[in-house]
Number of protein chains: 2
Amino acid sequence: MPTPEKTSFSRIVAAGRDLLEAGGQQGLTMQNVAERVGVRAPSLYKHVGNRAALLAAVAEATVDDLVARLESTDGSIEGLARGYRQFAQAWPEGFRLMFSAGAPPEALARVAAPVLHASRQLVGERDALEAARLVTAWAAGFIKMELAGAFRLGGDVDRAFEYGLVGIRRALAGDH
Amino acid sequence: MPTPEKTSFSRIVAAGRDLLEAGGQQGLTMQNVAERVGVRAPSLYKHVGNRAALLAAVAEATVDDLVARLESTDGSIEGLARGYRQFAQAWPEGFRLMFSAGAPPEALARVAAPVLHASRQLVGERDALEAARLVTAWAAGFIKMELAGAFRLGGDVDRAFEYGLVGIRRALAGDH
DNA sequence: CCATCGTAGCTAATTATGTTAGCTATCGAC
DNA sequence: GTCGATAGCTAACATAATTAGCTACGATGG
C-alpha cells in the first residue's frame, strides 16, 4: 500500500448507512461521508466509484442485515413478516433504499429465498412463486405505506398488520 | 396582471409530469421545466415556491388522475386492483412519486376511499379499515415490486397478480 | 540501504443545479 | 395618462458531484 490508508471501503459504507438513517438520502452527501471517515471528498473516489455505487453498496449491506434478521426467525410466514417489519422500523431509510436505489437484483433474490421456502411448505411447489409474491408484496406494501405515513386515517396500525397476516394465511390455506 | 403571463402553474405542473415520465425525478429539473414552458428557470419561482412544492403538485395531479381511473371501474376489489395496476404501468414515475415525495396526506385519503368502500361491502363496517389496508398494501406492494424489476426470477407476472387477487378475495371472504 | 513505483490523499477547478437579489417592462385600475 | 403591482429577466451565490494533476509515503527489489 502507498500512503497509509486513512479509511476503507467498508468504513465508507458504514458511514453512509449512518448518514442515511440520520438524514435520509439527502443527508448522504460525499462531503458528509468524507468528513465522517476523516478524508476529503475527492479521496472517496479512490474507494468507491461514485455516489450511485455507494448507494448501491449501502443497499446491499442493508440487504445482508435483513437476510440475517429473517434467518433468525422461525421461518413461518408470520415470523418472516414480523421480522421484515421490525427491520424496516429499525432501519427505515435503508429499507426504502433497498427498493428505490439500484439494489443488485441478486441481493433482492436473497431476501426472497426464505419467503419462497415458507411458501413452498404451505402451497406446494407449483404455486410457491406466486404465493411468495403475494406474501412479499403485501408485507413490503404495508411497511412502505406505514413508513410513508399513509396510515394517518386512524385505526391501530399494529392491529391492521396482524389482521393482514391472518388474511394472508387464509389466502394461502385453502389453496393447493 | 402585469407583464402578460407566458406560463402558468398548471402548465408548469403538466411540464413536470411529462419530464418526470420521460426522465424520472432526475430529469425533472427546474431548468428543464422552464425550457419546456418557455421561460427562464428563476421565473418559475413566481409560480411554484420551489422544486419540492412542484414535486408535491405533480404528485397531487397524479393522484387526481388515479382517483378518476379508479372511479371508472366497477368498484369491485378486482376491478380496483387492476385499474390501480394499469395506471401504474401507464404512469410509472408518477406512481412512484405518489408515495416517495410529500404527497399531501389528504390526497392519499382520496385514493383510499374507493377501496374502503369496496372493503366495507365485503367485510362490514367493523373491519373495513383493516381490510382496505390489506388490499391496498398488497396491490401497492405488488406494483412497486413490478416497477422496481423485482420480479426477474421468472414466472408469469400477470399470473402472479391474478393469483394474488384470488388470494386477497379469499382472505376477506371467510371473515366477518 | 537505497532507488523506484504504485497509489491514497490532497488542492484546485469544472459542471450542474437550486435558489435569491434586484431590475425592467407591461397591464389593469384610477 | 399615470401609477402600482408583478412576471420575467440577468447576474450572482451556494451546494454538490466529480475530474485533473500533484505529492508524499511505504512496500519492493536490487
Side-chain angles (χ1 to χ4, degrees), chain A residues 1-61 93-94 96-97 100-104, chain B residues 1-61 93-94 96-97 100-104:
Chain A
M1 294 147 208
T3 289
E5 300 193 343
K6 298 169 70 174
T7 187
S8 68
F9 181 69
S10 58
R11 277 165 198 254
I12 289 170
V13 172
R17 294 184 72 179
D18 288 350
L19 288 167
L20 181 70
E21 293 302 332
Q25 283 204 34
Q26 269 202 3
L28 198 167
T29 68
M30 300 303 268
Q31 292 274 355
N32 287 347
V33 171
E35 183 178 357
R36 176 154 312 208
V37 300
V39 300
R40 300 306 185 110
S43 302
L44 295 176
Y45 292 82
K46 294 289 161 78
H47 300 273
V48 169
N50 57 31
R51 182 168 179 270
L54 175 55
L55 284 173
V58 167
E60 187 154 12
E93 293 294 337
R96 260 190 276 265
L97 183 69
S100 73
Chain B
M1 294 147 211
T3 289
E5 302 193 343
K6 298 170 72 175
T7 186
S8 67
F9 181 70
S10 58
R11 276 164 199 256
I12 288 171
V13 172
R17 295 184 71 178
D18 290 349
L19 289 168
L20 181 70
E21 293 302 331
Q25 283 205 32
Q26 269 202 1
L28 198 167
T29 67
M30 300 302 270
Q31 292 275 353
N32 287 346
V33 171
E35 183 177 356
R36 177 156 309 211
V37 301
V39 300
R40 300 307 184 109
S43 302
L44 295 176
Y45 293 81
K46 293 291 162 76
H47 300 274
V48 170
N50 57 30
R51 183 168 178 269
L54 174 55
L55 284 174
V58 168
E60 187 154 13
E93 293 294 338
R96 260 190 276 266
L97 183 69
S100 74

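Here is how names work: the chains are called A, B, and so on, in the same order as the sequence lines, proteins then strands, and each is numbered from 1.
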Could you check which residues of residues 30-45 of chain A get a heavy atom under 4.0 Å from DNA chain D? Sort them by number, please.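 Per residue number, the list reads A:Met30, A:Gln31, A:Pro42, A:Tyr45.
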Rounded distance in Å - [atom1] ([X]) to [atom2] ([N]):
X	N	atom1	atom2	answer
A:Glu5	C:dC10	CD	C1'	16 Å
A:Leu54	D:dA16	CG	P	15 Å
A:Lys46	D:dA20	NZ	P	12 Å
A:Leu19	D:dA16	CG	P	12 Å
B:Gln26	C:dA16	CD	C1'	11 Å

Has the side chain of A:Lys6 got a donor or acceptor atom sitting under 3.5 Å from an opposite partner on the base of C:dG9?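 Under the 3.5 Å cut-off, the side chain and the base do not form any donor-acceptor pair.
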Spacing of [X] atom [atom1] and [Y] atom [atom2] [to the nearest 0.5 Å]:
X	Y	atom1	atom2	answer
A:Leu19	A:Gln31	CG	CD	12.0 Å
B:Arg36	B:Ile12	CZ	CD1	13.0 Å
A:Glu21	A:Leu97	CD	CG	9.5 Å
B:Leu20	B:Arg96	CG	CZ	9.0 Å
B:Arg51	B:Gln25	CZ	CD	6.0 Å

Tell me the bend of the helix from C:dC1-D:dG30 to C:dC30-D:dG1 as the angle between end helix axes, each from five pairs, rounded to the nearest 10 degrees.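 The two end axes of the helix from C:dC1-D:dG30 to C:dC30-D:dG1 meet at 0°.
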Can you check whether B:Leu54 reaches B:Leu28 side chain to side chain, under 4.5 Å on heavy atoms?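 They are in side-chain contact.
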What I'd like to find out is whether the side chain of B:Ser43 reaches to under 4.5 Å of the side chain of B:Lys6, using heavy atoms alone.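 Not touching, per the 4.5 Å side-chain cut-off.
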Closest approach of [X] to [Y] (non-hydrogen atoms, all atoms of both residues):
X	Y	value
B:Asn50	B:Tyr45	CA-CE2, 3.9 Å
A:Val13	A:Ala61	CG1-CB, 4.1 Å
A:Val37	A:Ala15	CG1-CB, 3.7 Å
A:Arg40	A:Ala34	C-CB, 3.6 Å

Reckon B:His47 has a side-chain N or O less than 4.0 Å from the OP1 or OP2 of D:dG8?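 For B:His47, the contact criterion (side-chain N or O under 4.0 Å from OP1 or OP2 of D:dG8) is met.
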Got a sec? Which of residues 9-17 of chain A come in under 4.0 Å of DNA chain C, heavy atoms?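 Listed by number, there are none.
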